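When reading the values below, keep in mind they use all heavy atoms of this one structure, side chains included, and skip hydrogens, waters and symmetry mates. Note that the structure is a prediction, hence the values are computed from the model and not measured. Order of the sequence lines fixes the chain letters, A, B, ..., with proteins taken first and strands second; residue numbering starts at 1 for each chain.
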Amino acid sequence: MPELPEVETIIRGLRRGVDGAPTIIGQEITGISLFWPKTLATHDPETVNRLLNGQKVLAISRRAKYILLELDKTFLVVHLRMSGDLRMAPDLGAEQVLPHDRFYLHFASGWGLAFNDARKFGRVWISPDPASILPKLGPDPLDPSLNAASFHEMLTSRGRQLKPLLMDQSFLAGVGNIYSTEALYAARLHPLQNSRYISLKEAKKLLQALRDVLEWGIAHNGTSIDWVYKGGDFQKYLKAYQHTGLPCERCGTPIEDLVSAQRRAHYCPRCQKLHE
DNA sequence: AGCATTACCCGCACGC
DNA sequence: TGCGTGCGGGTAATGC
């Protein structure tokens with residue numbers, strides 16, 4: 001389910017405990033179960049059991065859309081891709097509890113961490129050095145050290161369509177289709193606008209829009225737009241994403257959509273004009 | 001040649 | 001029932 005707000009919501013739940021489950025922090029691993037072998041990208045199950053057994057979860061965090069579970073001696077790195085989910089559940093046995101459960105971490109407490117993933121795109125890595133697992137990633141839009149001037153420089157030095165550029169994780173890390181669409185709408189920038197001709201003022205507005213949309217999404221526990229992800233309600237506040245044919249909230253013009261880099265983009269043809 | 005950008009593709013559930 | 005679609009990104013292909 002992952003864009004940054006959904007990943008943040010999942011992490012927050014695991015850290016604080018949710019739906020009667022305890023926090024994941026401090027849980028001691030007693031073993032794993034693996035129902036879809038491709039899920040585990042780095043080792044065979046026997047090696048992983050040996051590597052993880054007896055270790056405790058020290059912390060949970062994220063880098064871009066990657067979830068990092070810090071253990072005593074290594075890291076568990078998780079990417080949920082399109083349809084993955086992580087949940088704490090009691091009494092996870094040797095058989096999967098829900099359809100599409102792919103991987104369990106069993107804890108000494110009797111609770112377990114389940115990795116559920118209908119589309120089988122998600123992956124789990126184990127490494128003492130997460131940086132060696134992660135691909136080249138751009139700055140996080142929520143990182144306060146990213147300022148308008150450097151964002152402007154990033155945009156104008158690239159000469160690419162804004163929509164696919166914002167979703168390029170090596171350019172900016174954590175933004176996907178929903179929140180890039182919403183941010184461009186809020187900033188009144190066309191999804192196909194060439195980034196080379198973005199003004200400083202526009203860059204500042206776009207960065208602020210990205211932050212507003214992401215923070216608002218986090219505050220609403222993410223977006224539950226289809227069967228993939230439940231629990232969030234940010235879909236109630238979307239203004240452009242999947243609004244094709246509906247009137248623009250600002251000017252009443254019907255929202256249109258187009259496809260760029262294999263991904264759909266929704267925009268107001270009147271508010272979001274292309275320019276040099 | 002070498003870097004930057006784009007297209008294909010991976011399982012599956014869902015809605016028209 | 002069949003078919004298009006998709007909250008992602010690695011890798012191959014192509015472009016500059």
- Task: Name the nucleic acid region contacted by Asp226(A), choosing base, sugar-phosphate or nothing; use a 4.0 angstrom heavy-atom cut-off, strictly under.
- Result: base
- Message: Quiz question: by atom type and distance under 3.5 Å, do the side chains of Asn177(A) and Lys163(A) form a donor-acceptor pair?
- Response: yes
- Task: Would you tell me if any nitrogen or oxygen in the side chain of Lys65(A) comes within less than 4.0 Å of OP1 or OP2 on dC7(C)?
- Result: no
- Under a 4.5 Å cut-off applied to non-hydrogen side-chain atoms, are Leu184(A) and Leu162(A) in contact? yes
- Message: Taking any heavy-atom pair under 4.0 Å as a contact, classify Pro135(A): base, sugar-phosphate, or nothing.
- Response: sugar-phosphate
- Would Thr223(A) and Gln235(A) count as having a side-chain donor-acceptor pair, cut-off 3.5 Å? no
- So do Leu166(A) and Leu210(A) actually touch side chain to side chain, heavy atoms under 4.5 Å? yes
- Item | Phosphate-side-chain proximity, Arg263(A) and dG9(C), N/O vs OP1/OP2 below 4.0 Å | no
- Task: Name the orientation of the base relative to the sugar in dG11(B): syn if the glycosidic angle is within 90° of 0, else anti.
- Result: syn
- Using a 4.0 Å cut-off on protein heavy atoms (strictly under), produce a 5'-to-3' string for nucleotides 9-16 of chain B with B for base contact, S for backbone-only sugar-phosphate contact, and - for none. -BBBSS--
- Item | Distance-only polar pair, side chains of Asp143(A) and Ser145(A), donor-acceptor under 3.5 Å | yes
- Task: Can you sort out the partners of Tyr241(A) under side-chain hydrogen bond (donor to acceptor under 3.5 Å, both in side chains), two or more places apart, ordered by chain and number?
- Result: none
- What stems involve DNA chain C, if each pair must be Watson-Crick or G-U and both of its distances must be under 3.5 Å, with 3 or more such pairs in a row? B:2-10 with C:8-16, B:12-16 with C:2-6
- Query: Would you say Glu46(A) and Ile32(A) make side-chain contact, with heavy atoms under 4.5 Å?
  - Reply: no
- Query: Counting distance only, does the side-chain N/O of Glu6(A) pair as donor-acceptor with the main-chain N or O of Glu3(A) below 3.5 Å?
  - Reply: yes
- Output the residues of residues 167-192 of chain A in contact with DNA chain C, where contact means a heavy atom of the residue under 4.0 Å from an atom of the strand; sort by number or write none. Gln169(A), Gly176(A), Asn177(A), Ile178(A)
- Item | Listed nucleotide nearest any side-chain atom of Arg160(A), set dT5(C), dG8(C), dT5(B) | dT5(B)
- Message: Is it the case that the side chain of Thr156(A) and the backbone of His152(A) share a donor-acceptor pair, with hydrogens and angles ignored and the cut-off at 3.5 Å?
- Response: yes
- Under 3.5 Å, is there a donor-acceptor pair linking the side chains of His275(A) and Glu202(A)? yes
- Item | Expected output: side-chain Ser224(A) to main-chain Gly232(A) donor-acceptor under 3.5 Å | yes
- Item | Side-chain donor-acceptor pair present, Asp117(A), His100(A), cut-off under 3.5 Å | no
Using a cut-off of under 3.5 Å, enumerate the N/O to N/O pairs linking the protein to nucleotides 13-16 of chain C.
none

- Task: Kindly assign one of parallel, tilted or perpendicular to the pair Tyr66(A) and His79(A), based on the angle between their ring planes and the thresholds 30° and 60°.
- Result: perpendicular
- Message: Any donor-acceptor pair under 3.5 Å linking the side-chain atoms of Asn116(A) with those of Asp101(A)?
- Response: yes
- Please state the P separation for the pair dC8(B) and dG4(C) - nearest whole angstrom. 15 Å
- How many Å lie between CG on Asp117(A) and C1' on dG9(C), as a whole number? 13 Å
- Query: Do Tyr237(A) and Trp216(A) have ring centroids that are under 6.0 Å from one another?
  - Reply: yes
- Message: Under 4.0 Å, heavy atom to any atom of DNA chain C: which of residues 206-225 of chain A qualify?
- Response: Thr223(A), Ser224(A), Ile225(A)
- For dG8(C), take OP1 and OP2 only and decide whether either is under 4.0 Å from a side-chain N or O of His79(A). no
- Quick one: does NZ or CZ of Arg250(A) land under 6.0 Å from the six-membered ring centre of Tyr185(A), within 45 degrees of the ring axis? yes
